[in-house]
Amino acid sequence: VQLQASGGGLVQAGGSLRLSCAASGRAFSSYDMGWFRQAPGKEREFVAAISWSGSYTTYADSVKGRFTISRDNAENTVYLLMNSLKPEDTAVFYCAADRLGSRTIGVPSTIPSKYDYWGQGTLVTVSS
C-alpha cells in the first residue's frame, strides 16, 4: 500500500487548508486512517483518525472543533480540513493506514505504532 499526502503549504494564521491522502490498492475501505504531525524538534503526535466505514472519528484535543477528517472510499482518499490554523499547527503532516481496522467496530486508534502504512508527509506552515 502506498499513501501519497498532498495539500500542504504556507498559510496565515486563521486560514484554512485541506490535506488529501490518496491510497493505492483495493483494500482502502477496510483500513482505519489517521493523520499525525511532527513539528521541528518534537515527537510525532496524533491529530485525527477515521474508522474504515467513516462512522467513527476521533481528534486530538488541540485540533478539536477546528479540524475535520473525512474519507471517500470510492476515491481511496482521506482528507483533513484544517480551519482556524494557528502558528503552533506548523508541522509535517503524515497520513497513515491501520490495515486491521475493519476487524473492529469503533473509534480508531490514536497510537502511531498501530498504523502499518505511512505516507511521505506534507509540510504545513502557519505564519503569524
Side-chain angles (χ1 to χ4, degrees):
V1 174
Q2 292 187 327
L3 303 175
Q4 182 72 39
S6 61
L10 174 64
V11 63
Q12 288 190 329
S16 299
L17 281 176
R18 188 179 79 157
L19 305 184
S20 299
C21 176
S24 65
R26 302 180 182 179
F28 176 79
S29 60
S30 67
Y31 299 156
D32 287 350
M33 297 296 297
W35 285 97
F36 296 79
R37 67 185 180 186
Q38 188 166 18
K42 294 190 176 181
E43 301 269 326
R44 188 171 298 190
E45 65 174 2
F46 168 75
V47 176
I50 187 167
S51 63
W52 57 274
S53 65
S55 297
Y56 299 91
T57 58
T58 186
Y59 297 90
D61 287 344
S62 59
V63 307
K64 205 171 291 183
R66 299 188 297 125
F67 291 9
T68 303
I69 189 170
S70 61
R71 67 189 297 158
D72 184 338
N73 285 347
E75 295 293 329
N76 277 19
T77 303
V78 63
Y79 303 98
L80 185 69
L81 176 61
M82 306 185 295
N83 294 322
S84 302
L85 282 161
K86 305 175 181 180
E88 52 263 44
D89 293 318
T90 295
V92 177
F93 281 71
Y94 299 89
C95 59
D98 174 3
R99 64 185 176 88
L100 300 181
S102 61
R103 295 192 183 186
T104 61
I105 296 175
V107 177
S109 177
T110 65
I111 302 171
S113 62
K114 294 292 187 180
Y115 288 79
D116 306 286
Y117 308 113
W118 291 80
Q120 85 290 356
T122 184
L123 176 63
V124 172
T125 304
V126 184
S127 63
S128 58

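- In terms of heavy atoms, Tyr115 sits closest to Met33 at CE2-C, 4.0 Å.
- Below 30°, between 30° and 60°, or above 60°: for Phe67 and Phe93 the angle between ring planes is between 30° and 60°, a tilted geometry.
- Taking a 6.0 Å sphere around CD of Gln2, one finds it holds 12 or fewer heavy atoms contributed by other residues, nucleotides or ligands.
- Side-chain contact between Asp116 and Asp98 is present, with heavy atoms from C-beta onward closer than 4.5 Å.
- A heavy-atom distance below 4.5 Å is found between the side chains of Val124 and Leu19.
- The closest side-chain heavy-atom distance from Gln38 to Pro112 is not below 4.5 Å.
- Put simply, the side chain of Tyr94 does not reach to within 4.5 Å of the side chain of Leu3, judged on heavy atoms.
- Atom CZ of residue Arg26 and atom CG of residue Asn76 lie 11.0 Å apart, to the nearest 0.5 angstrom.
- Electrostatic pairing of Lys64 and Asp61 counts as a salt bridge here, judged by a charged N lying under 4.0 Å from a carboxylate O.
- Within the 4.5 Å cutoff, no side-chain heavy atoms of Met82 are placed close to those of Arg66.
- Salt bridge annotation for Lys114-Asp32: absent, with no cationic side-chain nitrogen under 4.0 angstrom from a carboxylate oxygen.
- Considering only heavy atoms from C-beta on, Thr58 comes within 4.5 Å of Pro108 through its side chain.
- Aromatic ring orientation, Phe46 versus Phe36: perpendicular (interplanar angle above 60°, classes split at 30° and 60°).
- Counting only distance, with no hydrogens or angles, the side chain of Arg71 and the backbone of Phe28 share a donor-acceptor pair below 3.5 Å.
- When atom types are taken as modelled, the side chain of Tyr31 and the backbone of Ala96 share no donor-acceptor pair closer than 3.5 angstrom.
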